[in-house]
Amino acid sequence: MFDSRSLVIAAVVGQALAAPRTLNWKRQSTNETLLTDINIISQYWGQISPYHDNAESYFGVDDVGLPDGCQIEQVHSLQRHAQRFPTSSFDDGLNDENFAAKVYNFTSANPQATFTGPLAFLNTYQYQMGESYLTGVGATTEFNSGVTFWNRYGRTLFNATVGQLQYNASYQNATARPKPVLRTTGQSRIENSQISWALGFFGPSFYETPEPGLNNFANGSLFDVVVIPEGGTENNTLASYDSCFEDDLQSSDLGDLDLLFQYVPLYIGEATARVNTFAPAGFKFNNNDTYAMQSICAYENGYIGMSDFCNLFTEQEWQAFEQTLDIEYYYDYSFGSPTGRAQGVGYQQELLARLSNQYITSSNSSVNSSLTNNAADFPLGAPFYADFTHDDIIVSVLTSMSIDYFREHPNLHQYPPDPNRHFILSNITPFGARLITEVIGCADADPTAVHSHRTQYYPKQYGYDPANATHKFIRMRLNNGILPLETIRTGECLGRTDGMCPLDSFLASQWEAEKLANYQFACFANYTITAPTNGNDYDGAVNNGTAGIVVSPGEITAEYFASA
């Protein structure tokens, strides 16, 4: 099956070739002049954008302060890796590499022919990027994320002393704390992100008394790591596509096909014509080449911090580039994918287990129950959890949780795209993205909302007392923006203006939402998507009655998947 799928992808690419810091101020009207401000350009790179905090009210929550008598008591972080090299996907790194090879082969064979104007650099250009690995810029992003997590949460979770810059493995009476457990997949860029994040949170490189050998960090005395294998057919909630076979066989390319067939030809023609005016005789850019220039601009900035490809496009063309990536992820991993919910339900179940202080001893999803049935790998009652994963998993978790704010499919035919749309990847999963679940203890069952942000300098600053904070709430943040939990479809979280939902109500909403994934059918039923480029919204799942699929007898097994 993989061979035939590769032929289909090759045909699609061939047809596409022939086809004619809180930074939420970016959505503005534009003109058709070339955009040269990299601070604006870099906000239109979708999931390959540099990290930025969303404004706390970005997702529409009115009141962002923590109420009196309340404090954050536990934090769960689902953390994306940061800047990496392009992947091998046919519309990502492969397209970039093909373009670079096309230019290099031409200039090598035609040394007298020259590109001119803003493309003169192509006369001597050589592609310098690797594939898929975390870059130094990415390591810096993750280090900063670890420092930020300590500053925003660690200080109050661990009742830091005055001037304390990082986690301390001992209580103030010098007895040892239980070691935090960090989880990561076994993929290089994920593990390296975990390492860099830990360097920031645990702080061995900025101890008051320096330890040049990083001894406390290197010998594992500060924390434990659970590495979950990735790349086979094993269960792994942080790389859940491995065990959801239908995703790898057909669902994972729906958005990519929409991108190539529908949207790239819609917007990029003028840019292709423009760059061709600087090309020598005998060389012609096609639409995929021009699209590759936009992609390489983003990736080179995530590697060496600069690129000569970045000043070639208008702001509307950059907005459209971002729309292609929104399309890709909505239809590959969100409500537009038949397996969107299934890919997120595993982490959702782990979150619910932690929130309700239960181990998971058997699995009906991507959960690896051999890693969730014991305190060493899956401790309960910890002050914080940090799990390191991919961008698509965050998207699928939001889908599985039925946060319907994000159920707004990117328009396949609108150029320029709607600047006020809800599903914008640069705000959802930039490099270093983090989905944070806060458990908040309050003295009041209905605390008065506080409109404006206020910094928590110490745990009891605004009347919080752990002895009487018996009412528990959930608040979630996506890259600092507070999520509107009132948009959870089942309705249990209605009634507050600050994004807080009573813990029991949140749990009830999520136990209902997880049923919608229909995991066994979505991942293993033998069905065919009849029109993969028509922009169907499957609500993230499929069943026997779903329009747009044909169901055949049998199911996709691990043996069949491994041999396909």
Side-chain angles (χ1 to χ4, degrees), residues 9-20 30-36 38 40-42 44-46 48 86 89-107 109-110 113-123 125 127 255-301 307-328 410-417 533:
I9 290 172
V12 168
V13 174
Q15 292 181 52
L17 288 170
T30 67
N31 56 48
E32 287 304 297
T33 60
L34 298 183
L35 183 61
T36 59
I38 195 65
I40 299 176
I41 293 170
S42 62
Y44 294 121
W45 294 342
I48 52 178
S89 176
F90 64 90
D91 54 346
D92 188 52
L94 181 58
N95 188 51
D96 296 351
E97 292 167 11
N98 288 342
F99 160 72
K102 176 179 174 179
V103 170
Y104 180 76
N105 291 339
F106 179 84
T107 56
N110 302 275
T114 58
F115 294 90
T116 60
L119 297 186
F121 74 95
L122 289 180
N123 294 313
Y125 178 75
Y127 189 80
D256 305 76
L257 299 177
D258 286 330
L259 179 164
L260 284 172
F261 274 126
Q262 305 279 0
Y263 210 77
V264 170
L266 177 68
Y267 85 91
I268 211 162
E270 288 187 10
T272 301
R274 188 168 60 247
V275 295
N276 269 317
T277 64
F278 303 106
F283 186 97
K284 187 173 183 179
F285 296 103
N286 58 48
N287 285 344
N288 276 23
D289 296 332
T290 316
Y291 188 71
M293 293 185 202
Q294 291 188 292
S295 175
I296 293 172
C297 159
Y299 279 121
E300 288 183 342
N301 268 275
S307 174
D308 283 337
F309 289 102
C310 293
N311 296 338
L312 304 176
F313 302 94
T314 69
E315 187 164 7
Q316 287 188 351
E317 288 162 353
W318 281 118
Q319 290 171 336
F321 175 76
E322 179 171 58
Q323 177 85 332
T324 68
L325 303 173
D326 296 344
I327 289 168
E328 177 186 7
N411 193 308
L412 300 180
H413 310 290
Q414 183 182 35
Y415 174 62
T533 60

(request) Report yes or no: does Glu317 contribute a side-chain atom to a donor-acceptor pair with the main-chain N or O of Glu270 at less than 3.5 Å? (result) no
(request) Go through the side-chain N and O atoms of Tyr267 and Gln316 and say whether any donor and acceptor fall under 3.5 Å apart. (result) no
(request) With sequence neighbours excluded, tell me which residues meet ring pair (Phe, Tyr, Trp, His ring centres under 6.0 Å) with Tyr104. (result) none
(message) We want to know whether Thr272 and Asn287 form a side-chain donor-acceptor pair, criterion being a heavy-atom distance below 3.5 angstrom.
(response) yes
(message) Would you compute the distance between atom SG of Cys310 and atom CE of Met293 and round it to the nearest 0.5 angstrom?
(response) 12.0 Å
(request) Sequence neighbours left out, what passes salt bridge (charged side-chain N to carboxylate O under 4.0 Å, His left out) with Lys284? Give chain and number order. (result) none
(request) Run the ring-centre check on Tyr291 versus Phe321 and record whether the distance is less than 6.0 Å. (result) yes
(request) Answer yes or no: is there a donor N or O on one side and an acceptor on the other, between the side chain of Asn301 and the main chain of Ala298, under 3.5 Å? (result) no
(message) Can you confirm if the aromatic rings of Tyr127 and Phe99 lie within a centre distance of less than 6.0 Å?
(response) no
(request) Please check if the side chain of Gln323 supplies one atom and the backbone of Pro410 the other of a donor-acceptor pair under 3.5 Å. (result) no
(request) Compare all side-chain heavy atoms of Leu34 with those of Thr314 and state whether any distance is below 4.5 angstrom. (result) yes
(request) State whether the side chain of Asn110 and the backbone N or O of Ala113 hold a donor-acceptor pair below 3.5 Å, judged by distance alone. (result) no
(request) Please name the pair of heavy atoms, one in Phe285 and one in Asn276, separated by the smallest distance, quoted to 0.1 Å. (result) N-OD1, 2.7 Å
(request) For residues Tyr44 and Phe313, establish whether the separation of their ring centroids is below 6.0 Å. (result) no
(message) Could you work out, with salt bridge (charged side-chain N to carboxylate O under 4.0 Å, His left out) as the rule, every residue matching Glu328, not counting sequence neighbours?
(response) none
